There are 2 protein chains.
Amino acid sequence: MNRTVSGFATSDEAEQAFYNAFSMCDQNAMSAVWADDKVVCIHPGSNAIYGYESVMRSWTHILNNAQLPRILFNTVKKTVNESLAVHLVEEHIASGQGAVVVILATNIYQQLENGWLMIEHHGSVTQSHAETHTVQ
Amino acid sequence: MNRTVSGFATSDEAEQAFYNAFSMCDQNAMSAVWADDKVVCIHPGSNAIYGYESVMRSWTHILNNAQLPRILFNTVKKTVNESLAVHLVEEHIASGQGAVVVILATNIYQQLENGWLMIEHHGSVTQSHAETHTVQ
């Protein structure tokens with residue numbers, strides 16, 4: 001793969017970039033968030049998708065079909081050492097139709113040669129009453 | 001909390017102990033797998049449960065109501081450094097009635113003072129066709 005990867009200074013910056021890319025339906029930005037090797041993505045209710053190319057295809061499908069979702073994310077727990085970061089994130093995602101879903105995501109970032117990049121995103125639906133949340 | 005915690009030599013041993021405890025519906029063994037501080041558990045389709053006492057209550061409820069489930073687990077991806085381990089696990093769980101559910105779990109272990117212990121378990125249901133799997 002001839003991708004020039006410039007990682008992020010911190011896992012927080014990588015996380016912000018991930019949700020910016022998702023919110024803006026920006027495939028190029030999404031591509032830049034993920035590491036090349038041995039990545040895995042589990043969309044809510046779905047099977048695991050392994051490998052950079054397959055994970056990117058899944059995001060292309062999602063981002064091409066999303067209508068600039070409004071996303072509030074709250075990183076509720078972080079465990080970070082010098083080369084691995086585990087973030088637990090509560091995502092409130094509002095679609096164009098106004099429905100809000102609440103997703104819990106475990107996001108894993110790794111410090112690689114050029115900085116921090118995402119290596120795993122594991123999302124799952126919750127029983128939260130989404131209508132009680134406000135998404136700006 | 002006056003719990004004497006003896007961690008495990010590796011994250012693999014902690015993981016084996018977690019699934020042994022689950023399979024045997026052994027609450028004491030389950031209690032010994034988890035770290036004391038800042039743990040979080042997300043059962044499939046559920047909200048996050050924070051803190052050792054609350055996580056243990058959730059497992060007590062599950063283990064008291066399970067009928068010695070037959071569990072096959074397959075650790076499909078591991079990322080480990082000196083103090084954090086991220087395991088992605090495919091769980092095939094067969095209940096007493098014979099139904100099999102396939103769960104994807106991201107299990108996080110941390111190397112603490114006395115060894116490796118679980119700090120996060122994030123499970124989610126998949127679209128897998130469970131009937132094609134054989135659980136012994």
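The structure presented is a predicted model; accordingly, all values stated were derived computationally and were not measured. Order of the sequence lines fixes the chain letters, A, B, ..., with proteins taken first and strands second; residue numbering starts at 1 for each chain. Computed from heavy atoms alone, side chains included, the values below leave out hydrogens, waters and symmetry copies.
Checked by atom type, the side-chain pair B:Glu120/A:Thr106 shows a donor-acceptor distance below 3.5 Å.
With contacts defined as side-chain heavy-atom distances shorter than 4.5 Å, the pair B:Ile119/A:Lys77 qualifies.
The part of A:Leu88 that comes within reach of chain B is its side chain, from C-beta onward, which places non-hydrogen atoms under 4.5 angstrom from that chain. Interface remark: A:Leu84 contributes backbone and side-chain atoms alike to the contact with chain B (heavy atom separation under 4.5 Å). The contact between A:Leu104 and chain B is made by backbone and side chain atoms together, counting heavy-atom distances below 4.5 Å.
The two residues B:Ser124 and A:Ser124 make their nearest non-hydrogen contact at CB-CB, 3.6 Å. The heavy-atom pair separating B:Gln110 from A:Thr79 by the smallest distance is NE2-CG2, 3.8 Å.
Heavy-atom contacts from other residues, nucleotides or ligands closer than 6.0 Å to CD of A:Glu113 number 12 or fewer.
No continuous path of ILVMFWY side-chain contacts below 4.5 Å connects B:Val40 to B:Tyr109, so the two sit in separate hydrophobic clusters. At a threshold of 4.5 Å between side-chain heavy atoms, the hydrophobic network of Ile, Leu, Val, Met, Phe, Trp and Tyr places B:Ile42 and B:Val39 in two separate groups. By the criterion of side-chain heavy atoms lying less than 4.5 angstrom apart, applied directly or through intervening Ile, Leu, Val, Met, Phe, Trp or Tyr residues, B:Val125 is grouped together with B:Ile93 in one hydrophobic cluster. Put simply, A:Tyr50 and A:Ile62 are part of two different groups of oily side chains (I, L, V, M, F, W, Y) that touch within less than 4.5 Å, one to the next. No single ILVMFWY cluster, assembled from side-chain heavy atoms under 4.5 Å apart, contains both B:Met24 and B:Val89.
Residue B:Ile108 holds its CD1 atom at 4.0 Å from CD1 of A:Ile108, rounded to the nearest 0.5 Å.
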